[in-house]
Amino acid sequence: MPDRFLRRRTAEVAKTLLGCVWCYQDHRGATNEPDRWVGGLIVETEAYLPADDLASHSARGPTRSNRSMFAAAGTLYVYPIHAKHCANIVTEPAGLGAAVLVRGLQPVWGIERMRRRRGQAELRKLTRGPGMICQAMALDRRHDGSDIKQSPRWRLARGVDADDFRVIATRRIGIGAEKDADRLLRFFIDGNRFVSGKAGDHSRRPTEQLDG
DNA sequence: CACGCGATTGCCT
DNA sequence: GGCAATCGCGTGC
């Protein structure tokens with residue numbers, strides 16, 4: 001994925017990240033495991049904008065914990081919440097404080113490792129939500145600040161063609177009324193089983209999963 | 001240094 | 001659909 005893809009406006013990046021391949025080569029898997037990658041297809045995202053976005057962690061400027069949000073596009077911003085973690089990909093020119101939260105992933109690689117880490121066999125319960133994704137991919141604060149464009153252990157690439165699915169935009173999840181809650185900055189693939197939230201939210205029509 | 005809360009999840013009714 | 005668990009971080013005393 002070219003640098004300029006992530007340097008664009010965050011809402012546009014969040015939308016066009018849908019259907020893309022996102023995976024990580026973790027070296028903590030068993031040695032005899034042929035497939036050392038974990039990851040899959042991005043099916044749900046949220047945009048956190050550089051300015052005038054009260055919901056964004058960057059809204060009140062850089063601090064020790066959110067500083068990677070102000071780094072170059074392609075940097076990972078991983079933060080802890082409710083004893084779990086959420087992973088973001090930084091967007092826009094460096095210094096602005098914008099990122100895309102990855103909320104839903106269709107598992108493709110390292111599924112057995114994801115099952116072990118999640119303590120859960122059911123495919124649908126592996127990466128349906130930002131906290132689950134980090135647990136399944138074993139992402140935590142140690143990954144905060146790493147640059148996925150620079151590291152050979154990360155891959156972000158074109159996956160499913162955008163013509164093959166419909167994108168729905170909604171309000172972001174878990175944002176209080178006083179914090180720009182009404183803006184349509186959550187994007188997901190219509191009907192995909194790995195979109196988080198309550199049923200009916202992600203299932204406007206009962207479509208099949210992505211191919212390829 | 002104490003306290004309160006959150007871009008969540010999972011269990012319960 | 002409601003609510004408790006859980007813990008790192010920001011805020012304020």
Side-chain angles (χ1 to χ4, degrees), chain A residues 6 9-15 17-18 22 42-71 73 75-92 96-107 114-145 148 167-189 192-203:
Chain A
L6 294 174
R9 293 200 46 206
T10 306
E12 190 60 27
V13 177
K15 201 185 306 178
L17 231 25
L18 296 177
W22 189 49
I42 296 174
V43 301
E44 178 189 4
T45 58
E46 277 176 2
Y48 288 88
L49 308 186
D52 301 319
D53 183 2
L54 293 176
S56 176
H57 290 172
S58 65
R60 291 200 268 179
T63 67
R64 180 170 233 82
S65 59
N66 71 3
R67 66 190 163 192
S68 52
M69 237 184 133
F70 294 84
T75 301
L76 245 35
Y77 168 48
V78 185
Y79 69 89
I81 184 167
H82 290 287
K84 296 161 187 66
H85 288 87
C86 295
N88 299 250
I89 300 169
V90 174
T91 57
E92 314 236 8
L96 296 186
V100 171
L101 170 68
V102 184
R103 290 194 58 95
L105 194 75
Q106 180 170 324
M114 290 184 183
R115 286 197 167 110
R116 273 200 303 278
R117 289 164 177 164
R118 291 274 304 133
Q120 171 69 60
E122 214 180 314
L123 199 63
R124 186 144 184 270
K125 294 183 179 170
L126 296 183
T127 52
R128 200 169 92 88
M132 295 188 199
I133 291 173
C134 284
Q135 192 180 11
M137 292 176 71
L139 301 180
D140 56 42
R141 281 241 94 184
R142 296 193 303 268
H143 299 84
D144 180 61
I148 69 176
V167 174
I168 307 284
T170 71
R171 302 212 281 260
R172 294 172 291 186
I173 288 183
I175 303 297
E178 72 287 0
K179 296 189 186 175
D180 290 303
D182 293 340
R183 308 177 74 168
L184 302 181
L185 293 172
R186 171 176 175 244
F187 305 94
F188 60 85
I189 292 178
N192 189 277
R193 300 195 309 141
F194 301 95
V195 172
S196 70
K198 313 296 179 203
D201 184 6
H202 53 81
S203 217

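In what follows, chains are A, B, ... by sequence order, proteins preceding strands, each numbered from 1. Please read these numbers as outputs of a predicted model, since none were measured by experiment.
When each of A:L126, A:L123, A:I42, A:L105 is checked for a side-chain contact (heavy atoms from CB on, under 4.5 Å) with A:F194, only A:L123 meets the rule.
Of the possible polar contacts, one joining the A:D53 side chain to the A:A55 backbone as a donor-acceptor pair under 3.5 Å is found. A donor-acceptor pair is defined here as one N or O able to donate and one able to accept, closer than 3.5 Å; such a pair exists between the side chain of A:E92 and the backbone of A:T10. Remark: the backbone N or O of A:S68 is not paired with any side-chain donor or acceptor of A:D144 at under 3.5 angstrom. Side-chain N or O atoms of A:R118 include one that pairs as donor or acceptor with a backbone N or O of A:K125 at under 3.5 Å.
At least one side-chain heavy atom of A:S196 sits under 4.5 Å from a side-chain heavy atom of A:R186.
OP1 or OP2 of C:dT11 lies within a sub-4.0 Å distance of a side-chain N or O belonging to A:R60. Between A:S65 and the phosphate of C:dG8, there is no side-chain N or O to OP1/OP2 separation shorter than 4.0 Å.
Residue A:R171 is out of contact with every strand shown, counting any heavy-atom pair closer than 4.0 Å. Residue contacts for A:K179: at a heavy-atom cut-off of 4.0 Å it reaches the sugar-phosphate backbone alone, with no base atom in range.
Between A:D140 atom CG and C:dC7 atom P there is a gap of 14 Å when expressed in whole angstrom units. Following rounding to the nearest Å, A:H82 (NE2) and C:dC3 (P) show an atom-to-atom distance of 15 Å.
The pairing partner recorded for C:dT6 is none, the criterion being a Watson-Crick or G-U wobble arrangement whose two distances lie under 3.5 angstrom.
Note that the first and last nucleotides of DNA chain B, 5' to 3', having any atom under 4.0 angstrom from a heavy atom of chain A are B:dG6 to B:dG10.
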